[in-house]
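By convention in this document, chain letters (A, B, ...) are assigned in the order of the sequence lines, proteins followed by strands, and residues within each chain are numbered from 1.
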Amino acid sequence: DTEVTQTPKHLVMGMTNKKSLKCEQHMGHRAMYWYKQKAKKPPELMFVYSYEKLSINESVPSRFSPECPNSSLLNLHLHALQPEDSALYLCASSQETGGETQYFGPGTRLLVL
Amino acid sequence: GDSVTQMEGPVTLSEEAFLTINCTYTATGYPSLFWYVQYPGEGLQLLLKATKADDKGSNKGFEATYRKETTSFHLEKGSVQVSDSAVYFCALSPYTGTASKLTFGTGTRLQVTL
């Protein structure tokens, strides 16, 4: 099974709201990722968790706060977002060694009003 | 730093035509190379991969060969179908001993018509 699940599929939020995106995998992967994808662009890496510890933060604004409660779950907490943060947010997971296949979820399409 | 260059799209083909999407890369060491496909409104799906020079990845009639001498990983399919219409991303991931980012090309939109 190579499935990564993400909830919700769609999210509309105001600039003062707090919301969370959730991601889950049961492949035994110890690396999990958040990517942001704008329309007609490739995904851009935001965060990498390795063995439940944050290992890469690509200078993402603090209004995005990741959390990895356990090896199967990854959350992205959103607060005080801007309209330009509207995008498709993709979660991925992989083995931990680098050079490994990253398996992507279907994404959460976020609209910030 | 690492980079991936893909041919610009969109690419428009008739059904049963031959497809080539060019991809070249710049990286230190010997990265793994991937093709991902994204159908409208969906996430990315792994199409195929290759982990070392001269490896050929294949899936669903698509093929790509890891060419170290030309730093290329061109995607080919002998006969495309309307259902192949999607955006195709070439990507690389370095061997670092730890989880690392995928570096993507800009993506190539393929439109297949009857």
Side-chain angles (χ1 to χ4, degrees), chain A residues 2-7 9-10 21 23 25 27 29-60 68 71 74 87-109, chain B residues 1-6 8-10 21 23 25 27-53 55 57 59 66 73 86-111:
Chain A
T2 57
E3 187 177 28
V4 175
T5 59
Q6 289 187 244
T7 56
K9 287 189 186 305
H10 302 275
L21 310 184
C23 173
Q25 57 90 13
M27 294 178 276
H29 292 163
R30 302 310 298 267
M32 296 186 76
Y33 310 76
W34 281 115
Y35 287 84
K36 173 183 178 180
Q37 187 181 24
K38 300 284 277 185
K40 298 185 188 295
K41 297 290 188 183
E44 296 176 352
L45 183 67
M46 300 175 72
F47 303 103
V48 180
Y49 272 83
S50 177
Y51 290 96
E52 298 152 51
K53 294 190 187 311
L54 183 65
S55 60
I56 298 177
N57 176 344
E58 292 282 287
S59 302
V60 178
C68 190
S71 59
L74 185 66
L88 181 67
Y89 288 83
L90 294 163
C91 174
S93 71
S94 75
Q95 298 294 344
E96 206 275 333
T97 54
E100 299 290 341
T101 302
Q102 292 185 24
Y103 294 94
F104 285 81
T108 294
R109 192 162 298 279
Chain B
D2 296 345
S3 67
V4 175
T5 302
Q6 277 182 250
E8 291 290 327
I21 300 178
C23 172
Y25 68 90
T28 54
Y30 303 98
S32 290
L33 301 175
F34 305 89
W35 278 100
Y36 283 89
V37 59
Q38 187 171 34
Y39 298 99
E42 297 186 11
L44 273 70
Q45 297 178 24
L46 176 70
L47 182 58
L48 53 85
K49 64 181 271 191
T51 57
K52 60 183 187 297
D55 266 3
N59 186 27
Y66 191 142
F73 193 55
V87 179
Y88 293 81
F89 291 99
C90 185
L92 69 83
S93 179
Y95 285 107
T96 61
T98 186
S100 54
K101 67 186 286 185
L102 272 171
T103 297
F104 288 95
T106 52
T108 302
R109 182 174 301 275
L110 171 65
Q111 178 78 39

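B/Pro94 touches chain A through its backbone: at least one of N, CA, C or O sits under 4.5 Å from a heavy atom, while the side chain does not. Heavy-atom distances place no part of A/Glu44 under 4.5 Å from chain B, backbone and side chain included. For A/Gln6, no part lies under 4.5 angstrom from a heavy atom of chain B. When heavy atoms are compared at a cutoff of 4.5 Å, B/Gln45 does not approach chain A at all. At a 4.5 Å heavy-atom cutoff, A/Arg30 makes no contact with chain B through either its backbone or its side chain. The contact between B/Lys101 and chain A is made by backbone and side chain atoms together, counting heavy-atom distances below 4.5 Å.
Side chain of A/Tyr35 to main chain of B/Leu102: a donor-acceptor pair is present (N/O by atom type, distance under 3.5 Å, no hydrogens or angles). Within the 3.5 Å criterion, the main-chain N or O of B/Ser100 finds a donor-acceptor partner in the side chain of A/Gln102.
A pairwise comparison of heavy atoms in A/Glu100 and B/Ser93 identifies N-OG, 4.3 Å as the closest pair. Taking all atoms of both residues into account, the shortest heavy-atom contact from B/Phe104 to A/Pro42 is CB-CB, 3.7 Å. Scanning all heavy atoms of the two residues, the minimum distance from A/Gln37 to B/Phe89 falls at NE2-CZ, 3.7 Å. The shortest non-hydrogen separation linking A/Thr101 to B/Phe34 is OG1-CE2, 3.5 Å. Across every non-hydrogen atom of A/Leu88 and B/Glu42, the tightest pair is CD2-O, 4.1 Å. Pairing each heavy atom of B/Ser32 with each of A/Gly99, the nearest pair is OG-O, 2.7 Å.
Open room surrounds NZ on B/Lys52; 12 or fewer heavy atoms of other groups in view lie less than 6.0 Å from it. Around atom OH of B/Tyr30, no more than 12 heavy atoms belonging to other residues, nucleotides or ligands sit under 6.0 Å away.
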